[in-house]
Every structure is written in C-alpha cells, then in structure tokens.
There are 2 protein chains.
Amino acid sequence: MEDALHAHGLRITPQRVVVLEALRALSHPDAEAVLAYAQNRQAAMSVATVYNVLEKLRAAGLVIAMDVRGRRCFDIRTDSHDHVRCRHCGRVDDMVRHPGTRLIAPDQSPWVIDDQSLIWEGLCPACQGEAQHG
Amino acid sequence: MEDALHAHGLRITPQRVVVLEALRALSHPDAEAVLAYAQNRQAAMSVATVYNVLEKLRAAGLVIAMDVRGRRCFDIRTDSHDHVRCRHCGRVDDMVRHPGTRLIAPDQSPWVIDDQSLIWEGLCPACQGEAQHG
DNA sequence: TTTGATGCAAACTTTTTGCAGCTAC
DNA sequence: GTAGCTGCAAAAAGTTTGCATCAAA
C-alpha cells in the first residue's frame with residue numbers, strides 16, 4: 001500500500017494509507033464515502049485532508065477522478081475503462097469497452113441506458129504553450 | 001425555436017425561448033453562462049428559472065447535460081457525440097467519434113489529452129422495476 | 001531540522017427548495 | 001379559470017482555503 005506512495009515521491013502518512021485502503025475497498029467513492037470509511041476504522045481524518053489526499057493521488061496518476069451529478073468520484077483503477085451509473089440508486093459500475101464494436105447497446109446489457117457522456121481532458125491548441133510555464 | 005417546446009408539451013414562455021437561444025448561441029454553457037446571455041439581451045430571468053428550464057429541457061430530451069469539474073453544462077445537440085475540455089482554459093469542444101477506430105490519439109489531434117471519462121447513465125438491473133413506478 | 005501534511009473552521013461555489021404571485025393556454 | 005411557470009431569497013450540498021500545529025524523512 002505504501003509502495004505506491006513512495007514510488008511517486010509522496011510522504012507516507014496514516015491518512016494517505018487509509019484513503020488508499022478506502023479506494024480499494026469501495027466502488028468509486030466520493031470524498032464523503034472515503035471519510036466515512038476512515039471514520040468507521042477509527043482513523044483520524046478530516047474533510048480537508050480527504051480532498052487534499054485525493055487530489056494528490058490524482059495528480060500523481062494513482063487514481064482517476066470523474067464528475068457525476070455534482071460529486072467528484074475517484075477510482076483506483078488506472079487502466080482505460082468506462083463507467084455506468086444508475087440514475088435511480090446512484091450506483092457506479094465499471095464497464096469494459098469492446099474495441100471495434102459499438103460502445104454499448106441496451107440489448108447487450110441488463111442495464112437500460114438513456115444517457116452517455118464522454119469527456120476527454122487535456123490542453124487545447126491555444127493553451128499548450130501557456131500551460132507549460134503557467 | 002418554439003416548435004421544439006410545443007412538440008414536447010412544454011409551455012412556451014419568454015424565459016424558455018431565451019434559454020434555447022442561449023444554447024444555440026453558446027458552446028456548452030453552464031447555468032451561469034445562460035443567465036448572463038439572457039441578461040445581456042435584457043430578458044427577465046432568475047437563477048432558479050435557468051435551472052428549472054434546463055432540467056425541463058433535459059428531461060424532454062431537447063438537450064444533454066454533462067458534469068465537468070463541479071459544473072453542469074448543457075448542449076443542444078442530441079445526436080451522439082463526445083466532448084473535449086481544456087484543463088487550462090476550461091473550453092469545451094465537440095469531438096466526433098470515428099466508428100471502428102480508436103476513440104482518440106494524441107497524435108491525431110492538436111489537443112494534448114491526458115484524461116478521459118466516459119459515463120453512461122441509465123438504470124441498473126436492480127432498479128429497473130422500481131423506477132418505473134417510482 | 002526542515003519540508004510538507006493535517007485539522008479546524010470559515011468561506012466559497014453551484015444547485016435546490018419553498019412559496020407567493022403571475023401567465024400561457 | 002387553472003395548471004403550471006417564474007422570481008426571490010434562503011438553504012443545502014460539495015469543495016476549497018488560510019493558518020496554526022504536527023510529523024515524516
């Protein structure tokens with residue numbers, strides 16, 4: 001658990017270890033879920049620290065972040081994959097993409113899909129120079 | 001402009017017409033941008049109304065919504081397409097998907113991509129019965 | 001020892017809500 | 001006339017920030 005932190009030049013603190021544990025134990029938690037996990041395990045943790053740690057981990061490439069209806073969720077998997085979210089219960093599942101085929105079809109899956117959003121993030125042509133020294 | 005509202009059983013109000021205008025004039029605006037557009041055109045509009053109208057339009061299928069770094073953005077296009085967002089300036093562009101090929105490659109585009117998130121939304125198996133009468 | 005992390009609490013941003021009044025149909 | 005929409009303002013929900021304290025290396 002600590003190896004991953006150490007390998008990315010991040011200090012090993014009890015809080016960070018617990019956040020990593022939460023990310024492994026939970027499915028796509030948001031900050032609130034990570035905090036609840038830590039508190040259940042009697043680990044000292046504050047809201048600000050949860051956000052700090054998650055952002056550090058994201059910047060280090062250890063987790064990916066996604067925005068889902070006003071909440072920022074995190075996922076410890078770093079290989080490329082997609083997600084599906086239930087608009088009734090809010091549950092988020094991983095979804096494997098099949099190269100060369102349609103991304104998803106309702107009849108290929110027990111899920112009923114009625115919306116999708118794919119967002120890439122990066123630097124637009126105009127900002128590529130600017131961002132390097134900004 | 002009003003046709004679309006009428007066709008979906010939505011009452012035609014000045015506010016709704018202006019929101020539709022804003023969605024056509026702007027690229028992927030959020031609520032704040034729509035409000036600013038309306039106010040520039042001297043149209044009466046309150047924050048709550050912007051959110052109400054956008055949600056009505058989304059529920060009617062006239063626009064799609066996407067969550068981008070804590071903000072909910074809207075897009076009047078309803079055919080399936082993707083988006084790319086600059087992490088420096090926040091600009092969001094449409095991105096056409098090429099069936100049968102990789103979704104995107106950095107060297108195929110002047111954008112530098114370092115993150116992607118694809119989220120489908122729908123009903124998970126457990127909720128399909130429940131949601132119909134809930 | 002020193003650099004960086006944590007905790008608290010307050011501020012900030014974005015979205016939602018309750019309710020009175022108004023208007024499209 | 002009436003169901004449904006709007007505006008206001010306050011509250012809610014989620015995230016960020018400033019600063020003093022603390023601890024990993």
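A, B, ... follow the sequence lines: proteins, then strands. Residue 1 opens every chain. Every heavy atom of this structure was used, including side-chain atoms; hydrogens, water molecules and symmetry mates were not. This structure is a prediction, so every number in the text was calculated from the model and none was measured.
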Rounded to whole angstrom units, what separation is found between the [atom1] atom of [X] and the [atom2] atom of [N]?
| X | N | atom1 | atom2 | result |
| --- | --- | --- | --- | --- |
| Arg16(A) | dA23(D) | CZ | P | 15 Å |
| Ile12(B) | dC22(C) | CD1 | P | 23 Å |
| Asn52(A) | dC22(D) | CG | P | 18 Å |
| Leu10(A) | dA25(D) | CG | P | 11 Å |
| Arg71(A) | dG14(D) | CZ | P | 4 Å |
| Glu55(A) | dA5(C) | CD | P | 12 Å |
| Leu54(B) | dT16(C) | CG | P | 10 Å |
| Asp30(B) | dT15(C) | CG | P | 7 Å |

So, is [X] close to the [N] phosphate, meaning a side-chain N or O under 4.0 Å from OP1 or OP2?
| X | N | value |
| --- | --- | --- |
| Gln15(B) | dT23(C) | no |
| Arg72(B) | dT13(C) | no |
| Tyr51(B) | dT16(C) | no |

Go through [options] for me and flag the one nearest to the [X] side chain.
| X | options | answer |
| --- | --- | --- |
| Ser46(A) | dC8(C), dT15(C), dT16(D) | dC8(C) |
| Thr49(B) | dG7(C), dT15(D), dG7(D) | dG7(D) |
| Ala31(B) | dT15(D), dT15(C), dG7(D) | dT15(C) |
| Ala48(A) | dT17(D), dA5(C), dG7(D) | dT17(D) |
| Thr13(B) | dT15(D), dT15(C), dC5(D) | dC5(D) |
| Arg11(B) | dA3(D), dT15(D), dA23(D) | dA3(D) |

Which atoms form the tightest heavy-atom contact between Pro29(B) and Leu23(B), and what is the distance?
CG-CD2, 3.9 Å
Give a yes or no on whether the backbone of Ala65(B) and the side-chain of Arg72(B) come within a donor-acceptor separation of less than 3.5 Å.
no
Kindly say whether Arg69(A) contributes a backbone atom to a donor-acceptor pair with the side chain of Asp67(B) at under 3.5 angstrom?
yes
Within-4.5 Å side-chain heavy-atom neighbours: Arg41(B) and Val18(B):
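Heavy-atom side-chain distance check fails, nothing below 4.5 Å.
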Going by an N to O cut-off under 4.0 Å, is there a salt bridge joining Glu21(B) and Arg24(B)?
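Salt bridge flag = no for Arg24(B) with Glu21(B).
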Which comes earlier along DNA chain C counting from the 5' end, the contact point of Gly70(A) or that of Val47(A), where each point is its nearest nucleotide?
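By nearest-heavy-atom nucleotide position, the 5'-most residue is Val47(A).
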